Student: 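If you scroll down you'll find the structure; I have some questions about it.
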Number of protein chains: 2
Amino acid sequence: MTAPVDLTPKATANHTPLVDTRLLPLDDAGARATHRVYEHLIGMWAPGVIEAAQDLGVFATLTAGPATAAGLAETLGTDLRATRVLLDGLHAYDIVQRERGGDGQAVYTLPASLHGVFAPDGLFSLAGKITHDRNVAWHAWRHLADNVRSGARSAHGGQQVNQISEEDYTALARGINFWAPPVVSVLADALRERGWGDETDALLLDVGCGTGIYSHLMLEAFPRLTARGLDAPRITAIASEQAARLGVHDRFEPLTADFWNDDWGNGTDLALFVNIFHLQTPESAHELLLKTAKGLTEGGLIAIVDHIVDEEAGGANVQNRFFRLFAASMLATGGGDAYTVQDYDQWLADAGLRRVALLDTPMHRVLLAGR
Amino acid sequence: MTAPVDLTPKATANHTPLVDTRLLPLDDAGARATHRVYEHLIGMWAPGVIEAAQDLGVFATLTAGPATAAGLAETLGTDLRATRVLLDGLHAYDIVQRERGGDGQAVYTLPASLHGVFAPDGLFSLAGKITHDRNVAWHAWRHLADNVRSGARSAHGGQQVNQISEEDYTALARGINFWAPPVVSVLADALRERGWGDETDALLLDVGCGTGIYSHLMLEAFPRLTARGLDAPRITAIASEQAARLGVHDRFEPLTADFWNDDWGNGTDLALFVNIFHLQTPESAHELLLKTAKGLTEGGLIAIVDHIVDEEAGGANVQNRFFRLFAASMLATGGGDAYTVQDYDQWLADAGLRRVALLDTPMHRVLLAGR
């Protein structure tokens, strides 16, 4: 378990506010509430500005070096005034820095820490997330009410799948690789506490491995680990490619078995499920855990990395907030839910398993379970 | 001038964060930057959740009293699970409160301070802003890059107008009435400092009055003031209706003169321009000030309420950030700009006027000028 954290919102705000409510009378609750909701409503301005800049090549150009609005407009073939407005908008979100040059013109700089964030081929880039937003998310969120009416369940029940295209899935999977390092860091520490080390021979089964990033980082953390990445052939091809890029391909085995009908093999020391359980129904979650338990070694563990709501942490808990909204995001794009620790505990008990740890990361919780 | 304010972002954050970057290593600038940008990209989730709830009638129902997800789903004819996900999303944004009822079911409450925020006929409601978002803003922000390419100027130059429909203009004008009270409060204080009081007979000319809310609140503040609201006939009809609703119609005169070609009359003690100058070009701004100066009494004042960037306040200043982004918003919907105090000072000097005050409000600055 992690140490208790200070939940004061102000202490963790990543973004500066856009509405200075300090200038409102303290006793006017209505005015304060309206201004606060207004600031929520203009939340779409941020992806609007950032994605437009990505589309136009602003970040690619600024990665090469600082530029003025005039210089950028010429390079990109955009309108000068509009380019200046866009750059000033990025500056308002602290995405680019803005300083007066010698001739009085503003010079815009993309900080080095943000170069990788927008790079199309960056390992932890958000480029794929932006592609997904532009193809799917804007429309889905604009029309969320429709899915609240209908429920947006798949017609045949059972396993729910996000109703996004294959191409978009690939973009999105790459666009959320950045979620992996904090998760693997926490998971690796927990395993080390349980005796895992540089000399541990172990087999990791990464169920629904996607780009394989969690396996790949685990292989980097544990030199004698072998990882089996289970997914559709199209996806394991991506994972194998990335394993080669990271130099861990000799210990990464793609496994293209059928998720539900084929056997996954035995001897699993660690079964890893990243963002798999939020797509399940209670029934399919149960089936998944039974199947996994069968293939585990004596002392084997299951690591469930997901948007696991911990009611005991309180509604104001930052992770819980994100998980609740991630459930709304899944509702917008067609499936999935954020289950609670209590749900997981019940499913584990039904499969003869028990939770041994619950660990916080910025975008997930890691639930570790054993027999 | 207002007192200096503490610009520490954290001290003014209206929203709790969704990404707990405290759980990231302090020295990993890339990871921190990526998580911060990700939180910006999911900014669209907030209007997505709030607007869907408004569309479905969630707020109207909760204004009548607290409800469970099951109760709401039945009332609204929506899917139960999806309704629960939506309500938990609203709770994550601190829009609704969530407590366990006696039977263990979560009960959702809309705080009283938020009842007026979503009411279709509320004087300071955001309902019109939400209508505008749904009709215009989602599409406009999704396609901002197009306008950065083209510049989105009106073809004939001169005065720029937002290219939104008349129906949408009306919704939006009503949806931003909430901007008025903090502005009028600051303006009235400044006028009182200059000798205005309960016995002052004065004429206010409200150029481009919209719903007339600024005039109406000024009439409430100064009992012997008369206000002339200049706008298109369709708009002054809305303003007259609202004047009657607020009981100030005997001192509110609609004026449907042609903005550019007709005379506005003389004897103006205070000429008020709210969100008018951001739609001007430097040339039309100059023309507007010359025309206004002609009709002012000896000692008459001009109050310009707008998104006035004050470079001296620094780029991190909350108002400046909002104004820069409001300029991007105008670019998205087709026109307007956020000019600087320096721009205004130059235009004023060219018209034989000078700035006498610059006052902060949450969403605007108020520039007061005289001869």
Side-chain angles (χ1 to χ4, degrees), chain A residues 9-10 12-14 16-23 29-30 33-37 39-41 43-50 52 55-56 78-79 82 85-86 88-89 92-93 98 113-114 116-117 124 126 138 141-142 144-145 148-149 151 178 315 318 321-322 324-325 327-328 331 361-362, chain B residues 9-10 12-14 16-23 29-30 33-37 39-41 43-49 52 55-56 78-79 82 85-86 88-89 92-93 98 113-114 116-117 124 126 138 141-142 144-145 148-149 151 178 315 318 321-322 324-325 327-328 331 360-362:
Chain A
K10 293 157 189 166
T12 60
N14 294 314
T16 49
L18 298 177
V19 178
D20 197 344
T21 47
R22 291 169 304 180
L23 296 169
T34 311
H35 281 77
R36 192 168 62 80
V37 174
E39 190 169 347
H40 274 311
L41 292 176
M44 76 173 79
W45 294 8
V49 163
I50 294 168
D55 262 23
L56 294 166
T78 52
D79 177 79
V85 168
L86 182 69
D88 285 343
Y93 286 126
R98 179 179 186 272
S113 61
L114 284 160
V117 174
F124 301 118
L126 293 174
W138 282 90
W141 279 101
R142 165 63 182 78
L144 174 62
V148 178
R149 285 192 193 94
F178 80 97
V318 178
R321 284 178 193 264
F322 177 72
R324 299 294 200 192
L325 290 167
L331 179 62
T361 79
Chain B
K10 294 157 186 165
T12 60
N14 294 314
T16 50
L18 299 177
V19 178
D20 197 343
T21 47
R22 291 170 303 180
L23 296 169
T34 310
H35 282 77
R36 192 168 61 80
V37 174
E39 190 169 346
H40 273 310
L41 291 176
M44 76 172 77
W45 293 8
V49 163
D55 262 23
L56 294 166
T78 51
D79 177 79
V85 168
L86 182 69
D88 285 343
Y93 286 126
R98 180 178 187 273
S113 62
L114 284 160
V117 174
F124 301 118
L126 292 174
W138 282 89
W141 279 101
R142 166 62 181 78
L144 174 61
V148 178
R149 284 191 193 96
F178 81 98
V318 177
R321 284 178 194 264
F322 177 72
R324 298 295 199 189
L325 290 167
L331 179 63
D360 280 344
T361 80

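Just so it is clear, the structure is predicted and the values come from calculations on it, not from any experiment. Quick note on labels: first sequence line is chain A, next is B, and so on, each numbered from 1.
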Student: Minimum heavy-atom separation for B:Val37 to A:Leu126, with atom names?
Tutor: CG1-CD1, 3.6 Å
Student: Going by side-chain hydrogen bond (donor to acceptor under 3.5 Å, both in side chains), name the residues that satisfy it together with B:Arg36, two or more places apart in sequence or in a different chain.
Tutor: none
Student: Go through B:Leu114, B:Val49, B:Leu56, B:Asp55 and name the one with the most non-hydrogen pairs under 4.5 angstrom from chain A.
Tutor: B:Leu56
Student: Could you tell me if the side chain of B:Leu144 sits less than 4.5 Å from the side chain of A:Leu86, heavy atoms only?
Tutor: yes
Student: Measure distances from A:Thr361 to the heavy atoms of chain B and classify the residue's part below 4.5 Å as side chain, backbone, both or neither.
Tutor: backbone
Student: What are the two closest non-hydrogen atoms of A:Ser113 and B:Ala33, and how far apart are they?
Tutor: O-CB, 3.6 Å
Student: Taking side chain as everything from C-beta outward and backbone as N, CA, C, O, which of these in A:Phe124 sits under 4.5 Å from a heavy atom of chain B? Side chain, backbone, both or neither.
Tutor: backbone
Student: Among B:Pro362, B:Ala52, B:Ala46, which has the most heavy-atom pairs under 4.5 Å with chain A?
Tutor: B:Pro362
Student: Give the minimum heavy-atom separation between B:His40 and A:Pro47, together with the two atoms involved.
Tutor: O-CD, 3.3 Å
Student: Under a 4.5 Å cutoff for heavy-atom pairs, which residue among A:Val85, A:Ile50, A:Leu41, A:Val117 has the most contacts with chain B?
Tutor: A:Leu41
Student: Heavy-atom pairs under 4.5 Å with chain A: which of B:Ala328, B:Gly30, B:Gly48 has the most?
Tutor: B:Gly48
Student: Can you sort out the partners of B:Arg142 under salt bridge (charged side-chain N to carboxylate O under 4.0 Å, His left out), two or more places apart, ordered by chain and number?
Tutor: none
Student: Parallel, tilted or perpendicular, judged at 30° and 60°: which one describes the rings of A:Trp45 and B:Trp141?
Tutor: parallel
Student: Can you confirm whether A:Tyr93 sits close enough to B:Leu325 that some side-chain heavy atom of one is under 4.5 Å from a side-chain heavy atom of the other?
Tutor: yes
Student: Taking side chain as everything from C-beta outward and backbone as N, CA, C, O, which of these in B:Arg98 sits under 4.5 Å from a heavy atom of chain A? Side chain, backbone, both or neither.
Tutor: side chain
Student: Rounded to the nearest 0.5 Å, how far does CG of A:Asp79 lie from CG of B:Leu331?
Tutor: 8.0 Å
Student: For chain B, which of A:Met44, A:His35, A:Arg149 has the most heavy-atom pairs under 4.5 Å?
Tutor: A:Met44
